[in-house]
Amino acid sequence: MKFLQENVKKQALAILKNDYEITDADLVFSLPGERKFGDLSTNLAFVLAKKIKIKPLLLANAMAGKLQNRLAEIESIQVAGGGFINFFLRRDPFLHYQWQNRMRPMPAKPEKIVVEHTSINPNKAAHIGHLRNSCLGDILARCCRFLGHEVEVQNYIDDTGIQIADVVWGLLYYQKKDLAAIKEISDLASYLWNLYAEVNQAFATDEKLAAARREVHKKIEEKINPEYEACLYIAQQVLLDHIRTMARLDIQYDLLARESDVIGLDFFKAAAAELTSRRVMTLSQDPEKQGCLVIRYEQENIEKIIVRSNQTITYVGKDIAYNLWKFGLLPRDFHYRPFFTYPDNHPIYMTAGEPGTPTSRFGQAGKVFNVIDVRQSYLQNLIAQVLLQLGHVEQSRNFIHFSYEMVAMTPGCVREMGLNLTPEEENKPYVEVSGRKGRAVKADDLIDQLIAKSRLEIKSRNPGLSPDEAEPIARAIAVAALRYFMVKFNLNSVIAFDFKEALNFEGDSGPYLQYTLVRLNSILKKAAAAGLGALNEPGCLARLEKAERELYWEIILNLSLLQPQVEYALANHELSSLAAYAYGLCQKFNHYYHLFPVLAEKDPLVKDLRLTLISLFKNKMEKLLQIMGISVPDKM
RNA sequence: GCACCCGUAGCUCAAAGGAUAGAGCAGCUGACUUCUAAUCAGCAGGCUGCAGGUUCGAGUCCUGCCGGGUGCGCCA
């Protein structure tokens with residue numbers, strides 16, 4: 001479709017340039033919402049009318065007259081709506097082109113893309129807020145791969161922060177467990193979920209405890225046992241738990257970048273030299289920040305502390321160094337070791353402080369996507385600013401904060417879970433999810449609920465299925481429902497989480513998409529059994545009755561938009577447009593399915609055309625579902 | 001206080017400056033002896049928060065209000 005649009009544009013421009021002063025940018029095509037307005041439409045006449053002061057309608061008619069019958073791919077041209085020029089494609093050649101090119105692989109693109117997502121503090125189990133991050137990040141990575149990019153998925157592990165000190169303190173001093181006792185705790189991540197909320201409540205009410213926590217944090221930084229060893233153990237176990245949870249959703253990582261290695265390998269020192277010599281980072285003149293090194297955030301005219309008066313480095317400082325490294329702009333590298341292998345043999349590497357396994361180079365990105373919620377915009381913007389100030393113009397432009405709004409919970413949902421609300425919170429439209437307050441739905445619990453529900457649905461529809469057969473199907477449906485739910489909203493709309501919506505398997509949902517393909521596959525299977533497997537070139541659409549022909553064309557035309565849709569989603573940071581695209585296509589197909597039976601059709605040519613349509617639909621929709629991380633079960 | 005985001009049907013959300021503002025859920029009618037009814041067809045539901053402005057054209061852009069959220073830490 002994209003190729004065709006460009007081709008039509010080139011031809012039209014060549015013709016119109018003789019009579020009008022138009023540029024490449026003036027001629028923009030769009031797909032009209034209704035087919036009576038054509039397959040391609042342009043507002044060129046409106047744009048030009050302003051410049052040369054002629055009525056748009058007159059101009060549009062004149063232009064249409066000049067273009068009529070002179071564009072190879074265009075059957076006819078009409079003017080409508082006061083000046084839109086609408087183009088109707090030659091349908092049979094278009095269908096042939098789509099059919100012939102359906103298997104063509106996407107050419108590889110040279111630009112390597114690093115996507116950072118998940119990055120959960122390793123001190124408690126993952127919750128629904130993290131799921132939005134990981135699902136978006138994973139789909140983003142899949143979009144880039146689909147378009148031919150090399151993609152590296154990184155997960156940043158803050159294994160040194162105060163959050164982890166909280167639970168270390170909780171285990172060692174609040175619950176008075178020794179290391180051996182800690183190692184005996186099963187399902188540590190869930191256990192810490194409760195403990196983390198509990199100790200934070202304690203910290204809030206008792207000043208002295210906060211000092212104890214700082215003491216634990218200090219001991220971890222100075223590698224003093226048992227605090228340090230407990231910290232290492234907890235971070236590793238919880239991290240493994242997060243990896244396991246996300247693997248349930250088919251979300252995988254390539255590299256785990258540890259904050260302790262960013263610190264241990266003095267990444268910041270390497271960055272600091274440059275920051276200081278370019279006077280990006282300076283000694284603060286503010287008496288309250290005496291002895292601190294700061295960077296001025298220009299957008300809001302704030303001084304951000306990078307190096308504290310005690311010479312320790314803040315989170316932003318470490319993040320600046322880490323992101324410079326992602327682009328290969330730091331004269332320093334991590335060491336690496338293999339950490340984990342997925343059942344499909346895909347390895348995850350972890351950064352290391354000491355020389356480990358030699359491996360292919362990580363980082364060296366041409367473009368970086370950081371999937372982090374909107375609350376960190378200020379810090380991400382600061383990093384982009386710093387890249388620019390250091391003279392890395394290209395990298396600054398390719399440093400992308402893939403920002404999304406938070407997941408919240410309605411007061412009703414919080415109450416439903418048996419959790420407490422303050423009277424003030426009761427009256428809010430939603431309250432933010434918080435691991436610190438233990439106020440969130442745990443990721444694993446939600447996945448379990450989804451699987452349980454799909455199990456019931458499968459059982460009622462397919463009573464003969466054994467549990468062994470039903471289980472993978474239940475999982476596939478649960479994953480589809482969850483991933484679709486997480487991607488269908490606009491990035492800047494807050495998701496006010498609601499069990500009823502998230503557990504919906506009907507209508508605008510992941511299982512709806514799966515069901516469409518399951519039925520379609522069933523037709524193809526039966527057609528193959530009847531010896532109708534191999535398909536020839538598509539026949540002429542004229543063979544179809546008008547009503548079917550129009551619907552058929554509508555579907556073919558929309559199917560051709562897969563690649564432009566993915567490019568649009570990526571360029572505009574709007575992955576929800578992919579969900580809407582997939583849903584719209586399936587709606588159209590289901591409508592067609594009900595009106596026009598395939599296998600019962602008597603006319604062999606019509607039957608062939610219908611089989612062509614469903615083959616093409618399967619081809620495109622499977623690619624689209626793969627981008628969304630949704631698999632298609634054999635039956636539902 | 002400053003900065004960013006949101007306000008569309010009873011509810012949850014779409015609408016890429018464009019043609020008659022669309023879906024799902026909930027409600028009401030209908031369609032399983034048929035390629036799987038997790039489906040489909042239909043009914044009903046709207047001063048797009050308010051007031052101005054820009055434009056051939058505004059839910060979308062600008063200004064001001066009203067209501068809500070978030071960020072602005074020597075936490076990460």
Side-chain angles (χ1 to χ4, degrees), chain A residues 30-34 36-37 41 43 45-47 49-50 55-57 80-84 86 119 121 158 160-164 217 259 284 288-292 294 297 299-302 304-310 312 314-316 318-319 373-379 381 403 405-406 408 428-430 432 454 457-458 460-462 477 481 488-490 492-496 498 500-501 504-509 511-512 514-516 518-520 522-527 568 571-572 574 576-577 579-580 583-584 586-587 590-591 593-601 610 614 635-636:
Chain A
S30 63
L31 177 79
E34 285 181 76
K36 68 175 178 188
F37 297 132
S41 176
N43 62 353
F46 291 113
V47 176
K50 199 174 302 181
K55 285 202 169 120
L57 190 59
F84 289 102
N86 298 333
S119 305
N121 285 328
D158 177 10
T160 64
I162 196 84
Q163 285 84 355
I164 194 155
H217 190 203
E259 179 154 306
S284 177
E288 284 183 13
K289 294 174 186 162
Q290 207 167 24
C292 293
V294 295
Y297 178 50
Q299 196 176 313
E300 292 182 40
N301 202 21
I302 305 169
K304 185 69 204 166
I305 293 170
I306 306 300
V307 181
R308 302 185 187 98
S309 51
N310 68 2
T312 56
T314 60
Y315 164 67
V316 205
K318 287 175 268 193
D319 219 24
D373 84 44
V374 67
R375 288 172 291 191
Q376 290 203 36
S377 296
Y378 146 58
L379 298 173
N381 289 342
S403 159
E405 260 291 358
M406 61 177 179
K428 291 192 168 190
Y430 48 76
E432 107 186 270
S454 15
E457 297 283 342
I458 292 163
S460 74
R461 285 157 222 263
N462 305 278
I477 292 170
K488 74 185 239 189
F489 300 96
N490 261 322
N492 48 10
S493 70
V494 176
I495 298 182
D498 173 40
K500 200 168 134 262
E501 282 280 320
N504 176 35
F505 291 175
E506 286 167 17
D508 189 11
S509 72
Y512 176 93
Q514 292 176 306
Y515 185 70
T516 306
V518 165
R519 291 200 306 192
L520 170 158
S522 168
I523 298 175
L524 287 178
K525 216 180 285 171
K526 287 184 179 169
Y568 172 84
N572 295 282
E574 212 35 277
S576 63
S577 63
Y583 181 56
C586 285
Q587 273 184 316
N590 283 327
H591 181 57
Y593 174 96
H594 273 267
L595 289 175
F596 308 108
V598 178
L599 299 175
E601 175 57 36
R610 290 180 185 169
I614 61 176
K635 54 179 89 169
M636 284 177 73

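None of these values were measured; they are calculated from a predicted model. So that the names make sense, note that chain A is the first sequence line, chain B the second, and so on, each numbered from 1. Only heavy atoms go into these numbers, but all of them, side chains included; no hydrogens, no water, no symmetry mates.
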> In whole Å, what is the span from the CG atom of L520(A) to the C1' atom of U36(B)?
Replying inline: 12 Å
> So does R375(A) pair up with D373(A), basic N to acidic O under 4.0 Å?
Replying inline: yes
>> Under 3.5 Å for both pairing distances: what stems, at least three Watson-Crick or G-U pairs long, include RNA chain B?
In response: B:1-7 with B:66-72, B:10-13 with B:22-25, B:27-31 with B:39-43, B:49-53 with B:61-65
> Only one of T516(A), L520(A), D508(A) clears side chain to side chain contact (heavy atoms under 4.5 Å, CB included) with C586(A); which?
Replying inline: T516(A)
> If you look at every strand shown and take non-hydrogen atoms under 4.0 Å, does Q290(A) touch a base, only sugar-phosphate, or nothing?
Replying inline: base
> With a 6.0 Å cut-off on ring centres, are F37(A) and F84(A) close enough?
Replying inline: no
>> At 4.0 Å (heavy atoms only), tell me whether L599(A) reaches a base, stays on the sugar-phosphate, or touches nothing.
In response: base
> Looking only at side-chain N and O atoms, does N590(A) come under 4.0 Å of OP1 or OP2 in C40(B)?
Replying inline: yes
>> Please determine whether a side-chain nitrogen or oxygen atom of S522(A) lies at a distance below 4.0 Å from atom OP1 or OP2 of U36(B).
In response: yes
>> Considering every strand and a 4.0 Å limit on heavy-atom distances, what is the contact class for Q514(A): base, sugar-phosphate, or nothing?
In response: nothing
> Among the nucleotides C74(B), C75(B), A23(B), which one has an atom lying closest to any side-chain atom of Q163(A)?
Replying inline: C75(B)
> Is a donor on one side and an acceptor on the other found under 3.5 Å between the side chain of S509(A) and the backbone of A481(A)?
Replying inline: no
> For atom P, what is the distance between G46(B) and C40(B), given to the nearest Å?
Replying inline: 25 Å
> NA contact type, F46(A), heavy-atom cut-off 4.0 Å: base, sugar-phosphate, or nothing?
Replying inline: base
> How is I458(A) classified with respect to the nucleic acid when contacts are heavy atoms under 4.0 Å: base, sugar-phosphate, or nothing?
Replying inline: base
> F84(A) stacking on G18(B): centroids under 5.5 Å, ring planes under 30°?
Replying inline: no
> For K304(A) and T516(A), take the nucleotide of RNA chain B holding the closest heavy atom to each; which residue's nucleotide lies nearer the 5' end?
Replying inline: T516(A)
> Quick one: Y512(A) OH to U39(B) P, roughly how many Å, whole number?
Replying inline: 7 Å
>> Counting C-beta onward and ignoring hydrogens, is there a side-chain heavy-atom pair between Q587(A) and Y512(A) closer than 4.5 Å?
In response: yes
> Using the P atom in both, what is the distance from G24(B) to A14(B), to the nearest Å?
Replying inline: 16 Å
> When we call it a touch if two heavy atoms are under 4.0 Å apart, what does S576(A) touch: a base, just sugar-phosphate, or nothing?
Replying inline: nothing
>> With a cut-off of less than 4.0 Å, is there a side-chain N or O of Y315(A) near OP1 or OP2 of A76(B)?
In response: no
>> With a 4.5 Å cut-off on side-chain heavy atoms, are M406(A) and Y430(A) touching?
In response: yes
>> Can you see if the side chain of S493(A) gets near the phosphate of A14(B) - specifically, an N or O under 4.0 Å from OP1 or OP2?
In response: yes
> Please give, in whole Å, the distance from U70(B) P to L379(A) CG?
Replying inline: 17 Å
>> Can you tell me whether the side chain of S30(A) and the base of A16(B) have a donor-acceptor pair closer than 3.5 Å?
In response: no
> Donor-acceptor pair, S41(A) side chain versus L31(A) backbone, under 3.5 Å?
Replying inline: no
>> Whether K526(A) contacts U36(B) is assessed here as follows: a side-chain N or O lying under 4.0 Å from the phosphate OP1 or OP2. Is that the case?
In response: yes
> Quick one: is A15(B) close enough that its OP1 or OP2 comes under 4.0 Å of any side-chain N or O from N490(A)?
Replying inline: yes
>> Given the structure, check if the side chain of K488(A) and the base of U12(B) hold any donor-acceptor pair shorter than 3.5 Å.
In response: no
> How do H591(A) and Q299(A) order along RNA chain B: which one's closest nucleotide is nearer the 5' end?
Replying inline: Q299(A)
> For K289(A), does the NZ atom sit with more than 12 other heavy atoms under 6.0 Å from it, leaving out its own atoms?
Replying inline: yes
>> By the 4.0 Å heavy-atom rule, please label V316(A) as base, sugar-phosphate, or nothing.
In response: nothing
> What's the NE2-C1' distance between H594(A) and G42(B), to the nearest Å?
Replying inline: 14 Å
> In terms of side-chain heavy atoms, does S493(A) have a donor or acceptor partner in E405(A) at a distance below 3.5 Å?
Replying inline: no
> Backbone N or O of P597(A) within a donor-acceptor pair of the R610(A) side chain at under 3.5 Å?
Replying inline: yes
> Where does C43(B) fall, syn or anti, if syn means a chi angle no more than 90° from 0?
Replying inline: anti
> Taking the C1' atom of each, how far is G49(B) from G30(B), in whole Å?
Replying inline: 38 Å
>> For the C1' atoms, the ones on U29(B) and on G45(B), what distance do you get once it is rounded to whole angstrom?
In response: 16 Å
> Can you find a pair of side-chain heavy atoms, one from K488(A) and one from E501(A), that are under 4.5 Å apart?
Replying inline: yes
> For the side chain of N86(A) and the base of A19(B), is some donor closer than 3.5 Å to an acceptor across the two?
Replying inline: yes
> E300(A) has an atom CD; how far is it from atom C1' of G1(B), in whole Å?
Replying inline: 12 Å
>> When the P atoms of A51(B) and C56(B) are compared, how many Å lie between them, rounded to an integer?
In response: 24 Å
>> Counting the atoms with a prime plus P, OP1 and OP2 as sugar-phosphate, which does K500(A) contact under 4.0 Å by heavy atoms, base, sugar-phosphate, or nothing?
In response: sugar-phosphate
> In whole Å, what separates the C1' atom of G42(B) from that of A23(B)?
Replying inline: 16 Å
>> Donor-acceptor check, side chain of N43(A) to backbone of A45(A), threshold 3.5 angstrom: yes or no?
In response: no
> Taking the side chain of R461(A) as its heavy atoms from C-beta onward, which of U39(B), U20(B), A37(B) lies nearest to it?
Replying inline: A37(B)
>> Does C13(B) have OP1 or OP2 under 4.0 Å away from a side-chain N or O of Y583(A)?
In response: no
Are there any protein N/O atoms within less than 3.5 Å of an N/O atom in nucleotides 66-69 of chain B, and if so, which ones and at what distance?
residue: G69(B); atom: O2'; partner: Y430(A); partner atom: OH; Å: 3.4

>> Taking A26(B) as the reference, what is the distance to C13(B) when you measure between their C1' atoms (whole Å, please)?
In response: 14 Å
> Is the closest side-chain donor-acceptor distance between N590(A) and Y515(A) under 3.5 Å?
Replying inline: no
>> What's I162(A) touching, base or sugar-phosphate or nothing? Going by heavy atoms closer than 4.0 Å.
In response: sugar-phosphate
>> Quick check against the 3.5 Å criterion: does N310(A) have a side-chain atom that pairs as donor or acceptor with the backbone of T312(A)?
In response: yes
> For I477(A), which contact category applies under a 4.0 Å heavy-atom criterion: base, sugar-phosphate, or nothing?
Replying inline: base
>> Base, sugar-phosphate or nothing for Y568(A)? Non-hydrogen atoms, less than 4.0 Å.
In response: base
>> By the 4.0 Å heavy-atom rule, please label E288(A) as base, sugar-phosphate, or nothing.
In response: base
> So does N504(A) get a side-chain nitrogen or oxygen closer than 4.0 Å to the phosphate oxygens (OP1/OP2) of C25(B)?
Replying inline: no
> Are R375(A) and C75(B) close enough that a side-chain N or O sits under 4.0 Å from OP1 or OP2?
Replying inline: no
> How far, in whole Å, is A21(B) from C28(B) if one measures between their P atoms?
Replying inline: 28 Å
>> Rounding to an integer number of Å, can you tell me how far Y593(A) OH sits from A38(B) P?
In response: 10 Å
>> Distance check needed: C25(B) C1' versus D498(A) CG, whole Å only.
In response: 10 Å
> Over how many whole Å does the gap from Y297(A) atom OH to C72(B) atom C1' extend?
Replying inline: 10 Å
